[in-house]
Enquirer: 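Sharing a structure here in structure tokens format.
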Amino acid sequence: MLVLAGAGTGKTRVLTTRIAHILATRRAYPSQILAVTFTNKAAREMKNRIGHLVGGEVEGMPWLGTFHSIGVKILRRHAELVGLKSNFTILDTDDQIRLIKQLIQAENLDDKRWPARSFANLMDGWKNKGLTPDQVPEGDARAFANGRGRELYKAYQARLTSLNAADFGDLLMHPIAIFRDHPDVLADYHRRFRYILVDEYQDTNVAQYLWLRLLAQSSDARRAVGQEGVNVCCVGDDDQSIYGWRGAEVDNILRFERDFPGATVIRLERNYRSTAHILGAAAGLISNNEDRLGKTLFTDLRDADDEKVSVSAGWDSEEEARAIGEEIEQLQRKGCKLNDMAILVRASFQMREFEDRFVTLGLNYRVIGGPRFYERQEIRDALAYFRCVCQPADDLAFERIVNTPKRGLGDAALQMLHTFARREQLPLLAAAGLIVQGDELKPRPRSALADVARNFTRWRDQLSNMRHTDLAEMILEESGYTEMWQADRSAEAPGRLENLKELVRSMDDYDSMPAFLEHIALVMDAEQNSETDAVSIMTLHSAKGLEFETVFLPGWEEGLFPHQRSLDEGGRSGLEEERRLAYVGLTRGKRRVKIWFVSNRRIHGMWQSTIPSRFLDELPEAHVDVLEPSTSYGGYGAGGMGGYGASRWDANAFSTSSYQTPGWRRAQASQGGETYRGGRGQGISYGEEGIQSGSRARAAATADKYISRDGVNAGDPSGARGGFAGRMEAPVEANRSRGTNQPPRKGAGLYSSARAGGPREIEGQLVAKSVQDEVSRFKIGDRAFHMKFGHGTVTTVEGNKVTVDFDKAGEKRVLDGFLETGN
DNA sequence: AAGTCCCAAATTTTT
DNA sequence: TTTGGGACTT
């Protein structure tokens, strides 16, 4: 059975109820049910909910977990079949990268030209596809390391085996190999499982699909125990597939009926979460996708008071953060809980602006996602110490901390140790204990290394004598690790010490140090406390599965959302994935969704002008309210915005004389010429023809649409195209052509006068990213005029980047193209 | 071996 | 603008 469950239709409930039903009707024992999820969080929640339904006792479901945790379980039982011992260690990404780096260097390859990171990603991709070294297509294998990609992959796997380690990919790859090569083992699992349930099926990758198919296939083993076949039930939503970039194959879900002939397909389309307006907006948007199975959400909840989805425009990202902050405070005054509000961003760099603003406002917020607790440097270091104690052969952990804190053990000494260890066929830690007895090393490193080796021996002896939490504390203390951070005067140091304490505290929940390590290798997340009332800030990706009364969606601009890179790399399907992401964002809202876009955003420290996202165009008008800038602006009171005054909007590119709803259309049209700069600003490679023509076509389409609809010539689309075609033109030309649809003089005049009167400096500057080989018309000492900063004197010129000491705004670095000769 | 400076690069993220 | 890594210097 395939359950296509739209957003908010009760997907998890279907799974949990089904399992509870199977148990209650005694169709199977808990141990005969295989239930897989993607995240530990989902697995945990499912366990809890089944527990509630069945009435306690959930421990009896040994096969409910993530793909990876079940993979580990299987692999531990049959490790020897793939050349591992059952106590193998699981590598994290850090270890993986360091190992690859060593291999690249061992192969005498230039590790700058072939970064370990890239290879890790590449190999990850192969493993996601279930490809062993021999199965990697020739072309793919050749693309890395001067054609030695395959050899490198092989060498990596060999090294893992000798280290008795597996990476995350292997947790799926090895079980697949075991099932394939050992029918007796597979038969065992066939006899065991009567029901297989899969959550978020649209997110499965090829490897996971193969894994499932092996387990689900019919077999003699099953028939022998009187089973006709296994019952497979997958739940998912093709419209919420947003992980294509990490190997998810939407095709798995689209193909389900072919994979399982005769399967029942059920669509859940009744939404219990959002208002009709939100659903209408989301439905309109997603209907622009071609690759989908097609579902239309509806709701029985109807209320005349429901708010439409709102779209607001802002001048720059600072203002966006400021205005959203105001809105949040306003809602709070009306009695809304901060816990019921969330800001969902496309990229994590957007978060900072909100954090900064909320700190000033004293508004509680929490960032969800980001670097996880167990991924922090200090935690990984501490864990490496613990790993060395529990698993003395864990060379990667040893390498990580052998000179942390600094002990005077540099490259030369470690090189010596490595050679020695290889010769003696010993793990590094054991080798360290021996090498210090000889005279290979210089006195200083020798005694340092001797200390390290002696310490680890001593700690290891305490493993069975002391409470593991006390031992952990002792290790961190005696190794000098705590001291290292205490001596560190950087801003993060106190937080890191706090994290270390928290780590030791959390060990208390486990019986022993090894048990703790086994757990955290797989569960890399730490529970967030939801006790304090706070606004959530997170990426759209991490918002999947959550819901909030009020959702803010900032940054709906071309290049950011849809993200330029998705478009460049993924083409149409990339765009469709971005659209699904937008769909996910909208459908997180229960009562209220507020979208924002701005015309200037700082990217990599440079201000860029942006145009509204095409997704805004795709929202049906019936469900959307476009907030006039004056409306949203006036709402905060004349003084509320720090005295900018309404004239500020006059400088705004999209609020020229006849700004009318639907505003974004006009905005897009009137900025048609801007597409040129936006595109170039994002650093598109013009060498790739497809991208260039794609963008060009869109720029034209947008402008044409506007013209045909309103009969007003708001811009010169041919000018926009000219801009694209003539890519080597100096930016100033682009700027001039833009002048036809936008009066920069007028804007500048009003703007600078407003600014002169205002109490606060305006940081924004219109700067597009540079094109390296261009040279400025300006030289040091020239007078220049900038539409946002006014007049000033040129102080430095680097290519087409000019630093100007503005009379009023101070020194700023801007692009030549945004300057005019001044006086 | 450790500290300093400069350059290139900068989505999304789980296990 | 920020960051990390690598080359360079102390």
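Throughout, protein chains are lettered first and strands after them, A, B, ... in sequence-line order, and every chain is numbered starting at 1.
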Enquirer: Does Phe38(A) have any ring-ring contact (aromatic ring centres under 6.0 Å, His included) partners at least two apart in sequence or in another chain, and if so, which?
Expert: Phe67(A)

Enquirer: When only distance counts, do a donor and an acceptor, one from the side chain of Arg346(A) and one from the base of dT12(B), lie under 3.5 Å apart?
Expert: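 Between dT12(B) and Arg346(A), which were checked side chain against base, a qualifying N/O pair under 3.5 Å is present.
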
Enquirer: Tell me, do Leu560(A) and Phe349(A) make a side-chain contact under 4.5 Å, heavy atoms counted?
Expert: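 In short, these two side chains touch, coming nearer than 4.5 Å.
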
Enquirer: Kindly say whether His563(A) contributes a backbone atom to a donor-acceptor pair with the side chain of Glu578(A) at under 3.5 angstrom?
Expert: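 Side chain of Glu578(A) to backbone of His563(A): a pair is present.
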
Enquirer: Under the rule for ring-ring contact (aromatic ring centres under 6.0 Å, His included), what residues qualify as partners of His78(A), not counting sequence neighbours?
Expert: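 Per chain and number, His78(A) pairs via ring-ring contact (aromatic ring centres under 6.0 Å, His included) with Tyr189(A).
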
Enquirer: Would you mind listing every salt bridge (charged side-chain N to carboxylate O under 4.0 Å, His left out) that reaches into residues 170-179 of chain A, with sequence neighbours excluded?
Expert: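 Only Lys127(A)-Asp170(A) qualify under salt bridge (charged side-chain N to carboxylate O under 4.0 Å, His left out).
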
Enquirer: Under 4.0 Å between any heavy atoms, over every strand shown, what does Glu569(A) touch: base, sugar-phosphate, or nothing? Just pick one.
Expert: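 The residue Glu569(A) makes base contact.
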
Enquirer: Can you tell me how far P of dT12(B) sits from CG of Leu344(A), to the nearest Å?
Expert: 15 Å

Enquirer: Between dT12(B) and Tyr243(A), is there a base-stacking contact, meaning the centre of the base's six-membered ring lies under 5.5 Å from the residue's ring centre while the planes stay under 30° apart?
Expert: no

Enquirer: Measuring from the side chain of His604(A) (C-beta onward, heavy atoms only), which nucleotide among dT11(B), dT12(B), dT15(B) has the closest atom?
Expert: dT11(B)

Enquirer: In whole angstrom, give the distance that lies between atom NE2 of His563(A) and atom C1' of dT12(B).
Expert: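 The answer, rounded to whole Å, is 8 Å.
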
Enquirer: What residues, two or more places apart in sequence or in another chain, satisfy salt bridge (Lys or Arg N to Asp or Glu O under 4.0 Å) together with Arg444(A)?
Expert: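 With neighbours one apart ignored, the set is empty.
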
Enquirer: Using a heavy-atom cut-off of 4.0 Å across all strands, would you classify Glu578(A) as base, sugar-phosphate, or nothing?
Expert: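 Base: the residue Glu578(A), judged by heavy atoms under 4.0 Å, touches a nucleobase.
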
Enquirer: Provide a list of protein-nucleic acid N or O atom pairs under 3.5 angstrom, restricted to nucleotides 4-7 of chain C.
Expert:
residue : atom : partner   : partner atom : Å
dG6(C)  : OP1  : Lys101(A) : NZ           : 3.1
dG6(C)  : OP2  : Lys101(A) : NZ           : 3.4

Enquirer: With sequence neighbours excluded, tell me which residues meet salt bridge (Lys or Arg N to Asp or Glu O under 4.0 Å) with Arg496(A).
Expert: Glu378(A), Glu492(A)

Enquirer: For nucleotides 1-3 of chain B, give me every protein contact, N/O to N/O, under 3.5 Å, one pair per line with atom names.
Expert:
residue : atom : partner   : partner atom : Å
dA1(B)  : OP1  : Gly410(A) : N            : 2.8
dA1(B)  : OP2  : Ala412(A) : N            : 3.3
dA2(B)  : OP1  : Gly408(A) : N            : 2.8
dA2(B)  : OP2  : Asn403(A) : ND2          : 3.4

Enquirer: Can you name the residues that form a salt bridge (Lys or Arg N to Asp or Glu O under 4.0 Å) with Glu399(A), not counting sequence neighbours?
Expert: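 Result, salt bridge (Lys or Arg N to Asp or Glu O under 4.0 Å) vs Glu399(A): none returned.
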
Enquirer: Atom CE of Met606(A) and atom C1' of dA9(B): how far apart are they, to the nearest Å?
Expert: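 Rounded to the whole Å, the gap is 13 Å.
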
Enquirer: Base, sugar-phosphate alone, or nothing: which one does Arg352(A) contact when heavy atoms must sit under 4.0 Å apart?
Expert: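 If one applies the 4.0 Å heavy-atom cut-off, Arg352(A) turns out to touch the sugar-phosphate alone, with no base involved.
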
Enquirer: Taking only the side-chain heavy atoms of Thr66(A) (C-beta and beyond), determine which of dT13(B), dT15(B), dA10(B) contains the nearest atom.
Expert: dT15(B)

Enquirer: Please state how far atom CG in Asp568(A) lies from atom P in dT12(B), giving the value in whole angstrom units.
Expert: 16 Å

Enquirer: Quick one: which residue pairs count as a salt bridge (charged side-chain N to carboxylate O under 4.0 Å, His left out) with a foot in residues 61-76 of chain A, not counting sequence neighbours?
Expert: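 Listed by first then second residue: Arg76(A)-Glu518(A).
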
